[in-house]
Every structure is written in C-alpha cells, then in structure tokens.
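In what follows, a single structure is set out as structure tokens and then discussed.
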2 protein chains.
Amino acid sequence: MTLADALQEPTTQEKILDAAERLFADNGFAGTSVRAITAEAGVNLASAHYHFGSKEALIRMVLSRRVEPITQERLHLLEACLKEASAGLPSLEAIVEAFIGPAVRLSLDPQRAIFMRLMGRVHSEAGDFMPQLLHELFSVTAKRFHQALQVALPGFTEEELFWKLNFMVGAMAFTLAAPQAIEKVTRGHCDPADAETVLKHMKAFVTAGLRAEVAR
Amino acid sequence: MTLADALQEPTTQEKILDAAERLFADNGFAGTSVRAITAEAGVNLASAHYHFGSKEALIRMVLSRRVEPITQERLHLLEACLKEASAGLPSLEAIVEAFIGPAVRLSLDPQRAIFMRLMGRVHSEAGDFMPQLLHELFSVTAKRFHQALQVALPGFTEEELFWKLNFMVGAMAFTLAAPQAIEKVTRGHCDPADAETVLKHMKAFVTAGLRAEVAR
DNA sequence: GTCTATAACGGGATAGAC
DNA sequence: GTCTATCCCGTTATAGAC
C-alpha cells in the first residue's frame with residue numbers, strides 16, 4: 001500500500017466490511033441485515049451484492065479478514081516457543097500466551113476492539129447457519145495447539161487435553177463476546193477494555209486449569 | 001399434575017414452548033421465526049400470538065420456564081454447602097458442583113438436553129436484543145456465588161473473584177452451547193452427551209482455575 | 001380457543017439505466 | 001462501479017369468522 005493509498009478515503013468494500021463488522025458484533029449475524037450494513041457504511045444497498053455476491057459471502061469475508069492474521073500470529077508464536085524449548089518441555093505459559101494473547105490484545109487498538117467482540121460471537125453463533133465455517137477458520141489452530149499441549153503436558157490423555165483446550169476457548173470467547181455485560185454485572189469492578197489486566201487474570205485461570213489433575 | 005393430565009396430549013402452549021426451545025437452541029433467537037416454531041409444533045401461527053402476545057414474550061417464557069428451576073437448585077445446593085461448613089471454610093468443590101452440576105446434569109434427560117444447548121446460547125446471544133433479560137435471569141445467582149467465593153477463597157480481591165467467576169461461566173457456557181462442534185473437532189474423542197464425564201473434566205479445570213494465584 | 005386471511009413491513013437479491 | 005427501482009419472499013402481528 002502506498003502513502004497515497006493510506007490517505008485516501010476507504011474503498012466501498014472496506015466501508016462495507018467495517019460497517020458489517022460493527023453491526024455483526026453488536027447484533028449478531030442473523031440479527032443484522034444487509035440493508036442496515038449499507039446504511040451504516042453510507043453506501044448503496046446494491047453495492048454490497050455487487051462486491052460480495054451474498055450475505056453469507058460477506059460474513060465469510062468479514063471473519064477471514066481478521067481471523068487469518070490472528071491465526072498466523074498464534075501459529076508463529078507457538079512455533080517460536082516450541083523451538084525455544086527444543087531440549088526440555090515447552091513452557092505452558094508461553095503456549096497459553098500464544099493462543100490468548102493475539103486475540104485479546106487486539107482490544108488495545110480501539111478500532112480492532114470491535115472485532116474482539118465479534119471473535120467471541122463467532123465461537124458461539126457461527127455454527128448456526130455455517131457449521132463448516134468455524135471448522136475452516138479454526139481447525140488448524142485447534143490441531144496445532146492440541147499437539148503442543150500433548151508435548152507440554154505429558155501424562156494427560158488426548159481426551160483430557162481436548163476438554164482442557166475446549167474450556168480455555170470457552171473462558172476466552174465468553175469474555176471477549178460480552179464485555180459490556182461484564183462491566184455491568186461487576187458494577188465497574190472489572191474493566192474488560194484493559195487488555196493486559198484481562199490477560200493477567202485469564203492466563204492465571206487457564207494455565208492452572210490446564211495443569212489440573214483429572215480424576216480417573 | 002394428576003395422572004390423567006400426565007397422559008394427556010400436551011397443551012398448545014406446551015407444544016409451542018417445546019418447539020421454540022428446540023429451534024432457538026438450534027438456530028438462535030434472531031434466526032428462528034414464529035412461523036417456524038408453530039410449524040414445528042404443529043399448531044396454527046396465530047395461536048402463538050394468542051397465547052404469548054409477541055415473539056419477545058415467548059422468548060422470555062421459554063427461558064424462564066427452565067432457568068428458574070435451575071436457579072432454585074443452584075441456590076439450594078449453595079446454601080446447603082455453606083451451612084454444612086459453618087465452622088470452617090466451605091468446600092470449593094461443592095460450590096463449583098452447585099453452580100455447574102444443575103446445568104450440565106440436565107443432559108441426562110434427553111428432552112432437557114435441548115435446553116442445555118439453549119443455556120449456552122443464552123449467555124452468548126441474549127444480550128443482543130434484550131440486555132436486561134440476562135440480568136433478570138442470572139443476577140441473583142451471580143451475586144450469591146460471588147459472595148460464596150469470597151468466603152471460600154479468602155485472600156483474593158473482589159475483582160479477582162469476578163474474573164474467576166466469569167471464566168467459569170464461559171468454560172461452562174461454551175461447552176453447553178456447541179456440543180456437536182466439540183464432537184466434530186475432537187473426531188469422537190469427546191462425547192459431550194456424557195454429562196458425568198463432562199462434569200468431571202469441567203470441575204477439575206474450573207476448581208484449579210479458581211484457586212490459581214494471580215500476579216499483582 | 002382456533003382457524004383463515006391479510007395487513008404492514010423488512011428481508012435478500014437482481015435488472016437495467018447511467 | 002454505482003445508482004434506482006423492483007421482484008419476491010418471509011416476517012410479525014392482527015382482524016374477524018367460527
């Protein structure tokens with residue numbers, strides 16, 4: 001991208017994607033109409049169909065645009081901490097950081113904070129009308145981190161590690177999905193916009209849960 | 001309810017509530033139309049509006065019908081384990097069991113298993129068009145369990161315990177919301193319909209997370 | 001209480017002029 | 001690429017016969 005590009009008005013596609021991201025995060029996928037998106041973006045209704053073809057294709061674009069960089073960052077961090085510990089066991093803290101950090105830290109950029117909410121929603125809602133989309137977006141990530149946990153936590157069965165991974169994702173997704181609810185319920189005791197504090201508490205909880213012995 | 005009642009055809013209201021529960025669990029609230037509900041229930045479209053007045057009122061009924069018994073059971077179990085430990089500290093395991101058990105165990109009854117999925121969805125989706133409904137349904141439960149954690153886990157601040165409670169709810173809600181995704185991702189390694197096994201893993205993870213020290 | 005019929009509206013998608 | 005206009009369908013909700 002040239003400097004001139006960076007200073008230009010966003011393209012129609014970008015305006016639509018940004019507006020869709022905001023509205024999907026606020027109202028869900030089924031709860032957001034293409035008309036509302038184009039109105040929010042200040043563009044014509046027909047342009048959304050011209051550029052994306054259908055609402056479903058638009059949803060896929062909105063998600064993959066942001067998920068793919070997160071996936072790359074997660075896998076890169078994971079590989080780094082596995083390589084660093086080539087001799088002994090990799091640090092569980094580093095694995096957790098590699099998974100949770102890239103997603104939660106997006107909230108530092110207020111523009112990207114919108115997508116943080118959407119990330120949580122994806123995990124809980126996208127299964128509705130696109131069961132396979134979730135799989136496409138996250139199956140590689142899930143597989144790699146499951147393998148990493150097998151290395152870092154020897155002595156647990158595959159099943160045990162699947163459950164642990166699942167609970168980690170749940171704790172993260174729920175927190176990302178409804179920051180306003182957290183602020184309300186805790187009456188201001190917790191600030192979900194403070195990414196480093198969120199990470200501190202989440203990592204403490206999750207690493208302990210991952211290490212927990214399971215009755216057999 | 002008399003024996004005769006139990007053997008009778010369900011009433012129109014019950015048929016609508018049961019169908020709505022199934023479809024809401026599968027497709028979400030915004031993704032489910034009243035027409036689809038009445039078709040599934042085998043009743044007339046207008047009867048839903050006659051009996052419930054509006055879609056929103058129907059949603060409230062579907063949720064409160066099942067959440068209230070769960071809330072009662074949770075609070076009853078919580079009170080029991082606080083009373084039992086009136087001398088020393090209450091058992092953290094018992095508090096976790098009181099929170100998670102009533103929700104997860106519903107899956108033993110296959111009819112109620114539908115609602116288990118809906119429970120997960122409530123936590124992640126109901127905030128959309130009814131921000132206050134979540135509060136009405138769960139604020140008392142959240143408050144009581146937060147208080148119980150303050151007793152059982154002295155040494156943690158209010159904020160720390162709010163985060164821990166939040167992660168516990170997230171791990172549970174995510175697991176309840178998408179059992180079919182769990183089965184798919186783990187390629188059969190995990191069976192989300194086996195409530196006791198789910199509980200075993202979830203309790204191990206959550207109790208360890210609750211006890212985890214947090215950096216300050 | 002239950003039905004048919006329909007109002008009133010918003011949804012996704014598209015044709016066709018520019 | 002962008003607009004207007006429109007098709008066609010599904011939506012919530014209600015009116016009114018039975």
Side-chain angles (χ1 to χ4, degrees), chain A residues 1 4-5 7-65 118 121 125-126 128-133, chain B residues 1 4-5 8-63 65 121 125-126 128-131 133:
Chain A
M1 191 200 280
D5 287 336
L7 294 176
Q8 274 172 10
E9 171 89 345
T11 66
T12 296
Q13 276 117 326
E14 286 168 341
K15 283 194 278 190
I16 293 171
L17 287 171
D18 290 341
E21 185 174 58
R22 279 195 296 277
L23 293 177
F24 287 150
D26 284 339
N27 309 314
F29 299 108
T32 301
S33 68
V34 177
R35 304 176 103 91
I37 292 167
T38 53
E40 171 93 357
V43 304
N44 188 271
L45 167 62
S47 65
H49 288 99
Y50 173 82
H51 286 291
F52 300 98
S54 70
K55 181 179 178 179
E56 180 174 329
L58 172 58
I59 292 174
R60 300 179 87 90
M61 268 299 177
V62 168
L63 295 179
S64 61
R65 178 175 71 145
L118 189 53
R121 198 176 279 280
E125 199 190 345
D128 293 348
F129 45 104
M130 287 184 292
Q132 71 197 22
L133 177 57
Chain B
M1 192 200 281
D5 287 337
Q8 274 172 12
E9 171 88 345
T11 66
T12 296
Q13 277 117 326
E14 285 168 341
K15 284 193 277 190
I16 292 171
L17 287 171
D18 290 342
E21 186 173 59
R22 278 195 296 278
L23 293 177
F24 286 149
D26 284 339
N27 309 314
F29 300 108
T32 301
S33 67
V34 177
R35 303 177 100 88
I37 292 167
T38 53
E40 171 94 357
V43 303
N44 189 270
L45 167 62
S47 65
H49 288 98
Y50 174 79
H51 286 293
F52 299 99
S54 71
K55 182 179 178 179
E56 179 174 327
L58 172 59
I59 293 173
R60 300 180 87 90
M61 267 298 178
V62 168
L63 295 179
R65 177 176 71 145
R121 198 176 279 281
E125 199 189 345
D128 293 348
F129 43 104
M130 288 184 291
L133 178 56

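All of these numbers come straight from a predicted model, not from anything done at the bench. A, B, ... follow the sequence lines: proteins, then strands. Residue 1 opens every chain.
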For [X] and [N], give me the distance from atom [atom1] to atom [atom2], rounded to whole Å.
X	N	atom1	atom2	value
B:I16	C:dC3	CD1	C1'	13 Å
B:H51	D:dT12	NE2	C1'	17 Å
A:N27	C:dG10	CG	P	16 Å
B:L23	D:dT11	CG	P	11 Å

Side-chain contact test, heavy atoms from C-beta onward, threshold under 4.5 Å: evaluate it for [X] versus [Y] and give yes or no.
X	Y	answer
B:V43	B:I37	no
A:T32	A:R22	no
A:R60	A:F52	no

task: Applying side-chain hydrogen bond (donor to acceptor under 3.5 Å, both in side chains), name anything that partners B:H49, two or more places apart in sequence or on another chain.
output: none
task: Just jot down the side-chain hydrogen bond (donor to acceptor under 3.5 Å, both in side chains) partners of A:K15, sequence neighbours excluded, or say none.
output: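 Listed in chain order: A:E9.
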task: Would you sort out whether A:R121 and A:D26 count as a salt bridge (charged side-chain N to carboxylate O under 4.0 Å, His left out), showing the intermediate values?
output: CA-CA 9 Å; A:R121 198 176 279 280; A:D26 284 339; over 6 Å; no
message: Any side-chain N or O of B:S47 below 4.0 angstrom from OP1/OP2 of C:dC3?
response: no
- line: B/S/- along nucleotides 11-18 of chain C (protein heavy atoms under 4.0 Å) is BBBB----
